Amino acid sequence: MPQLEKRSWAEPFKIKMVELLKMTTRQQRAKAIKDAGYNTFLLKSEDVYIDLLTDSGTSAMSDRQWAGMMRGDEAYAGSANFYTLEKAVKKYYGYKHLIPTHQGRGAENILSQVMIKKGDIIPGNMYFTTTRLHQELAGGTFVDVIIDEAHDPQSLHPFKGNVDLNKLERVIKKYGAKRIPYICVAVTVNLAGGQPVSMKNLKEVRALTGKHGIKVMLDMTRIAENAYFIQQHEKPYAKRTIASIVKEICSYTDGATFSGKKDALVNIGGFLALNDDDAYAEASNLVVVYEGLHTYGGLAGRDMEAMAIGIEESVQDEHMKARIGQVMYLGGQMQHAGIPIVQPIGGHGIFIDAKQFLPHLKQDQFPAQVLAAEIYEDAGIRTMERGIVSAGRNAKTGDHYYPKLELVRLTIPRRVYTQAHMDVIAESVQSVYQRRNAIKGLSMIYEPQYLRFFQARFKKLS
Ligand SMILES: *Cc1c(COP(=O)(O)O)cnc(C)c1O
């Protein structure tokens, strides 16, 4: 008997229900994207065939999660589902106190208000849009302390999310530990392309900040995906389960903000977790102002139940292998076609290097923004800009921030699309690549004050 050369993997689930999609013509899509001001956030989802705008809140829930929705205890106070969620957070993450919030940014707001004073400095491994804005609104200033490799789309460093300890030390020296309430460590780093942080680095960050009495707050939005990379690429963890790696990551931190809409496989939800009793007391008081009572924080009971079940499903090894396996498959197809993408391939999507894809456009002609529009027009695939538009403006000078990375993000929802969809995506991007020299830039014709990438409008340069 001849031996098989390779054995394919497949998803550890089967499909019980499907959602039918509208198919559109190129002409319809050209009109739709023009009407949307060349901003994929302003498209109607019914005009989209494959939606890679985000992996946030777009996962397919399991039958167990849907069954959990039916067990919603919609009491105003002390819902049974809160205690189920609290138990899951203790079991899988190990944090002492839990405050549910409507989603991640609700937790960021509360954390920032409780911990940051005017004039404080918050170091972090690359900014995230909502996280940095809440830090700024609370009177703080974000300082980037990620390693230089994170800003280089071609660097093959396996842990491009790592904190640069020298940069962090310099920040502590320059401003003094008293002005630094905490460092915000994100796992994985979204804006660097879903790049992970190593356990070694987390331990070093803990040791350095511990010496100065600085707390470590985790942005644990994609922690299970980060754990997968640790398992794959950090020797001592090769035989450890995702669940045990996740818990160890949390053990080097004092608390966390969490968007349940990513890892935890729900459509809405998040939380703030804290170990410190006093910080918790203040936060659980403040959450009443912005979100809801501290035992629901803006969520229905059923949402808390679904999130508790999702947390458990998210740390299963076979789930994560299939989840990241699908992202790797798409990345492999794109690399095979010669498309410039961020390497190594990250956890939640493929990031196209728009500067390299469209080298004839200047950064203030919004290369990633126009590339996202072109990809939509080609086959109805919705992606998003992560470059100069997302970076916003410097509040002091009023000029654009010019980030080194000018990317188009193809984010893969969890458990939603098939391998055939991945092939269609790779072929569509390839077709845009073949006519890249004819693509012109954009000018911005409407710019909102906050998080402009959501609602800005553009027109084509002639
Ligand atoms: C999505 C996200 C958040 C914010 O969470 P929301 O649920 O969207 O409010 C924070 N940090 C990172 C890294 C994220 O990806």
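Being a predicted model, the structure only gives us computed values, none of them experimental. These numbers come from the heavy atoms of this one structure, side chains and all, not from hydrogens, waters or symmetry mates. In each ligand, atom 1 is the first atom listed, and ligand 1 is the first ligand listed.
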Look at atom 14 (C) of ligand 1 and say which protein heavy atom is nearest, naming residue and atom and giving the distance to 0.1 Å. Lys262 NZ, 2.9 Å
Indicate yes or no: does an N/O atom of Gly104 lie under 3.5 Å from an N/O atom of ligand 1? yes
Among all residues two or more places apart in sequence or in another chain, which pass the ring pair (Phe, Tyr, Trp, His ring centres under 6.0 Å) test with Tyr417? His421
Working to the nearest 0.5 angstrom, can you tell me the gap between Asn81 CG and Tyr296 OH? 14.0 Å
Atom 6 (P) of ligand 1: closest protein heavy atom, distance to 0.1 Å, is Gln103 NE2, 3.3 Å
Could you measure the distance from the CG atom of Leu299 to the NE2 atom of His102? Nearest 0.5 Å is fine. 9.0 Å
Note: ligand 1 atoms sitting under 4.0 Å from heavy atoms of Thr130 are 4 (C)
Regarding ligand 1, does Asn190 bring an N or O atom to under 3.5 Å of one of the ligand's N or O atoms? yes
Less than 6.0 angstrom separating the ring centers of Tyr38 and Phe366, yes or no? no
If you have a sec, work out which protein heavy atom is nearest atom 8 (O) of ligand 1 and how many Å separate them, to one decimal? Arg105 NH2, 3.0 Å
Among all the protein's non-hydrogen atoms, which is closest to atom 7 (O) of ligand 1, and how far away is it? Ser259 OG, 2.6 Å
So, Asn190 and Arg386: side-chain donor and acceptor under 3.5 Å apart, yes or no? no
Which atoms of ligand 1 have any heavy atom of Lys261 under 4.0 Å away? 7 (O)
CD-CG distance between Glu291 and Asn109, expressed to the nearest 0.5 angstrom: 7.0 Å
Decide whether a cation-pi geometry holds between Arg132 and Tyr401; the criteria are a distance under 6.0 Å from NZ or CZ to the six-membered ring centre and an angle within 45° of the ring axis. yes
Tell me which protein heavy atom sits closest to atom 11 (N) of ligand 1, plus the residue, atom name and distance to 0.1 Å. Asp219 OD2, 2.6 Å
Heavy-atom contacts with Glu108 under 4.0 Å: which atoms of ligand 1 show up? List them by number with element. 3 (C), 4 (C), 10 (C), 11 (N)
